[in-house]
Trainee: 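Got a structure for you, written out below as structure tokens; questions coming shortly.
Here the structure is a predicted model, which is why all the values come from computation and not from measurement.
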Amino acid sequence: MNEYVLYFTMFSLMIGALSSLKLCFHRNTSNVLIGEGLMAIIIATFLVVLSQEFNIPFGETVALLIIVAGPVGTIAFSMVMRKGDKNK
């Protein structure tokens, strides 16, 4: 992979991570869930790029675990928030 493409990819992922962190710190629950899902995708992509560049054999496995755990955590969090809602 070209060195400049790698730098641009890492810079873009860092900007995306900062924007997802900004979403995570809002008071609205939906923004927190969206930010958490976006952060899981960004971290997994970051790990895949690093594992391909530096030949880390377990990087894809950890990225797959993060991709699976992100939506599971989102569903669990939404179920807990739904049980706390007394209107339903």
Trainee: Do His26 and Val32 make a side-chain contact, defined as non-hydrogen atoms from C-beta onward lying under 4.5 Å apart?
Mentor: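 Side chain of His26 against side chain of Val32, heavy atoms only: no contact under 4.5 Å found.
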Trainee: Do you know the tightest heavy-atom contact between Gly59 and Ser51?
Mentor: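 Where Gly59 meets Ser51 most closely, the heavy atoms are CA-CB, 3.7 Å.
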Trainee: Taking the side chain as everything from C-beta on, heavy atoms only, tell me whether Leu50 gets closer than 4.5 Å to Met10.
Mentor: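 Leu50 reaches Met10 side chain to side chain.
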Trainee: Would you compute the distance between atom OG1 of Thr74 and atom CE of Met79 and round it to the nearest 0.5 angstrom?
Mentor: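 Taking OG1 in Thr74 and CE in Met79, the distance rounds to 12.0 Å.
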Trainee: With rounding to the nearest 0.5 Å, note down the distance linking OG1 in Thr9 to CG in Asn2.
Mentor: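 So the OG1 of Thr9 and the CG of Asn2 are separated by 10.0 Å.
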Trainee: May I ask whether Ile15 and Leu47 are part of the same hydrophobic cluster, defined by side-chain heavy atoms of I, L, V, M, F, W, Y residues being less than 4.5 angstrom apart, directly or through others?
Mentor: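 Cluster IDs for Ile15 and Leu47 differ.
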Trainee: Ile66 and Leu21: same hydrophobic cluster, using ILVMFWY side-chain contacts below 4.5 Å?
Mentor: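 Yes; tracing contacts between hydrophobic side chains, which count when under 4.5 Å, links both residues.
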Trainee: Verify the cluster assignment for Val62 and Leu64: are they in a single hydrophobic cluster under the rule of side-chain heavy atoms below 4.5 Å apart?
Mentor: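 No, separate clusters.
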Trainee: Linking I/L/V/M/F/W/Y whenever any side-chain heavy atoms sit under 4.5 Å apart, do Phe54 and Ile43 land together?
Mentor: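 In one cluster: yes.
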Trainee: Should Phe46 and Val68 be regarded as members of a common hydrophobic cluster, given that ILVMFWY residues are connected when their side-chain heavy atoms come within less than 4.5 Å of each other, either directly or indirectly?
Mentor: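 Different clusters: Phe46 never reaches Val68 through Ile, Leu, Val, Met, Phe, Trp or Tyr contacts under 4.5 Å.
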Trainee: Return the CG to CG distance between Leu33 and Leu38, rounded to the nearest 0.5 Å.
Mentor: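 Nearest 0.5 Å value for the CG-CG distance: 12.5 Å.
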Trainee: CZ of Phe58 to CG of Leu65: how many Å apart, nearest 0.5 Å?
Mentor: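 These two atoms lie 13.0 Å from each other.
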Trainee: Kindly compute the distance separating CD1 (Ile56) from OG1 (Thr61), expressed to the nearest 0.5 Å.
Mentor: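 Ile56 atom CD1 to Thr61 atom OG1 measures 12.0 Å (nearest 0.5 Å).
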Trainee: Grab the two heavy atoms, one from Gly70 and one from Ala40, that are nearest each other, plus how far apart they are.
Mentor: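 In terms of heavy atoms, the two residues are closest at CA-CB, 4.2 Å.
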Trainee: If you take all heavy atoms of Ala63 and Val48, which pair is closest and at what distance?
Mentor: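 Heavy atoms only, the tightest pair is CB-CG2, 3.7 Å.
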Trainee: If I compare all heavy atoms of Ile41 with all of Ile67, which pair ends up nearest, and what's the gap?
Mentor: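 Reported closest heavy-atom pair: CA-CD1, 4.2 Å.
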Trainee: Identify the two heavy atoms, one from Ser20 and one from Met39, that lie closest to each other, and give their separation to 0.1 Å.
Mentor: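 Looking at all heavy atoms of both residues, the closest pair is OG-CE, 3.3 Å.
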